[in-house]
Number of protein chains: 2
Amino acid sequence: MDIIEISKVLSNKTRLKILYWLKSPEDHFPFQHIKGNFEDGVCVQYIGEKSGLSLSTISHYLSIMQRAGLVIQSRFGKYTYYRRNEERIAEYADYLKANL
Amino acid sequence: MDIIEISKVLSNKTRLKILYWLKSPEDHFPFQHIKGNFEDGVCVQYIGEKSGLSLSTISHYLSIMQRAGLVIQSRFGKYTYYRRNEERIAEYADYLKANL
DNA sequence: ATAATATTTTGATAATTATCGAAATATAAA
DNA sequence: TTTATATTTCGATAATTATCAAAATATTAT
């Protein structure tokens, strides 16, 4: 469990918001083409639009979030979906509680 | 509970070490002048020496750690002691568990 | 009062992170 | 197989953080 890597991810307002939005995508992302449910998460475009930052920035954010283990990426055709990695997120909080 | 502020503090190896050392000062700081116990924590010099960084850097680190609520400062004469703020630290982990 | 010691603050530069637009990839659609 | 769309990667610059040495403060000891 890399506290430094995860803390860096959490040191940014937009990344925290992304994590929050992905808790309940139905409430935060109005519609999505193709896959009607949110099982696999939300695609990069939508997250980008909602964030107000450029897609390249958001793509980069999501990749460091995934490297840190906080989200899970899955690609379907030309779309990339991201969803929370609930296990890891809970694990991190537990780890801090026990070791910080 | 400011996740960003606290995460920034935790995004640094030396600051994490300080938090760790302060868990059991007796094990990490061999002796201390004047106050024989560690009730009030450890003084800046010792933390500085152990860290290998300059005192000005460590003083600055400790002040942002205190601003974030993770340590408690107390001054006695010309010495400043720092100790962990266990309540806040535990609170933070709980907060992440519930809200991240 | 003066000198010595501990800590903090300031000012500077190096290193890292944020962020964009453009270019490159990947894949689907025509 | 060209074209259009989604995403990622690259290259650049702005903003923030890291870190030091020197100067300024605080307080004790002479």
Side-chain angles (χ1 to χ4, degrees), chain A residues 2-19 22 25 29 31-35 38 40-68 70-83, chain B residues 2-19 22 25 29 31-35 38 40-68 70-83:
Chain A
D2 188 335
I3 297 185
I4 294 181
E5 184 180 26
I6 295 180
S7 292
K8 282 182 182 173
V9 167
L10 301 183
S11 297
N12 176 288
K13 193 169 51 171
T14 301
R15 290 191 296 260
L16 286 180
K17 278 190 204 161
I18 292 173
L19 240 22
L22 292 181
F29 301 93
F31 40 75
Q32 78 174 353
H33 43 61
I34 306 183
K35 310 178 65 51
F38 289 97
D40 298 301
V42 179
C43 74
V44 179
Q45 297 188 269
Y46 289 154
I47 300 173
E49 275 171 27
K50 198 167 173 73
S51 74
L53 299 182
S54 75
L55 280 173
S56 59
T57 297
I58 292 304
S59 176
H60 176 232
Y61 279 6
L62 288 165
S63 88
I64 66 177
M65 291 168 79
Q66 124 122 341
R67 199 173 321 131
L70 299 176
V71 299
I72 296 168
Q73 181 190 57
S74 34
R75 179 129 196 177
F76 293 96
K78 60 182 173 176
Y79 303 105
T80 304
Y81 296 85
Y82 285 94
R83 66 181 190 280
Chain B
D2 188 334
I3 296 185
I4 293 181
E5 184 180 25
I6 294 179
S7 293
K8 282 182 182 171
V9 167
L10 302 182
S11 297
N12 177 287
K13 193 169 51 172
T14 301
R15 289 190 296 259
L16 286 180
K17 279 189 203 161
I18 292 173
L19 241 21
L22 292 181
F29 301 93
F31 39 76
Q32 80 174 353
H33 43 62
I34 307 184
K35 309 179 69 43
F38 289 98
D40 298 301
V42 178
C43 73
V44 178
Q45 299 186 267
Y46 289 155
I47 300 174
E49 275 170 28
K50 199 170 172 70
S51 75
L53 300 181
S54 75
L55 280 172
S56 59
T57 298
I58 292 304
S59 176
H60 176 232
Y61 279 7
L62 288 165
S63 88
I64 67 178
M65 290 168 79
Q66 125 122 341
R67 199 173 319 131
L70 299 176
V71 298
I72 296 169
Q73 182 190 57
S74 35
R75 179 131 195 176
F76 293 96
K78 59 181 174 178
Y79 303 106
T80 306
Y81 296 86
Y82 284 94
R83 65 182 190 279

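Residue numbers begin at 1 in each chain, while the letters A, B, ... track the order of the sequences.
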Please state how far atom [atom1] in [X] lies from atom [atom2] in [N], giving the value in whole angstrom units.
| X | N | atom1 | atom2 | value |
| --- | --- | --- | --- | --- |
| A/Glu49 | D/dA6 | CD | C1' | 12 Å |
| A/His60 | C/dA18 | NE2 | C1' | 9 Å |
| A/Ile47 | D/dA6 | CD1 | P | 14 Å |
| B/Ile58 | D/dA18 | CD1 | P | 12 Å |
| A/Tyr79 | C/dA28 | OH | C1' | 8 Å |
| B/Lys78 | C/dA6 | NZ | P | 5 Å |
| A/Tyr81 | D/dT8 | OH | P | 12 Å |
| B/Arg67 | D/dT17 | CZ | P | 11 Å |

Practice task
For DNA chain D, find the residues of residues 7-14 of chain A with a heavy-atom distance under 4.0 Å and give them by number; none if there aren't any.
Solution key: none
Using a cut-off of under 3.5 Å, enumerate the N/O to N/O pairs linking the protein to nucleotides 20-23 of chain D.
| unit_1 | atom_1 | unit_2 | atom_2 | d |
| --- | --- | --- | --- | --- |
| D/dC20 | OP2 | B/Ser54 | N | 2.9 |
| D/dC20 | OP2 | B/Ser54 | OG | 3.1 |
| D/dC20 | OP2 | B/Thr57 | OG1 | 2.9 |
| D/dA21 | N7 | B/Ser56 | OG | 3.4 |
| D/dA21 | N6 | B/Ser56 | OG | 3.2 |

What pairs with [X] under side chain to side chain donor-acceptor pair (under 3.5 Å), at least two apart in sequence or on another chain?
| X | result |
| --- | --- |
| B/Thr57 | B/Ser54 |
| B/Glu49 | none |
| B/Ser51 | none |
| B/Glu5 | none |

Completion exercise
Rounding to 0.5 Å, atoms OG (A/Ser11) and CD1 (B/Ile3) come to a distance of 10.5 Å
Is there a side-chain polar atom (N or O) of [X] under 4.0 Å from OP1 or OP2 of [N]?
| X | N | answer |
| --- | --- | --- |
| A/Gln45 | D/dT8 | no |
| B/Gln73 | C/dT8 | yes |
| A/Tyr82 | D/dT8 | yes |
| A/Arg75 | D/dA6 | no |

Problem - Close side-chain approach of B/Asp40 to B/Phe76, heavy-atom, < 4.5 Å - result: yes
Handout entry: Shortest non-hydrogen separation from A/Leu62 to A/Val71 and the atoms involved
Key = O-CG2, 3.9 Å
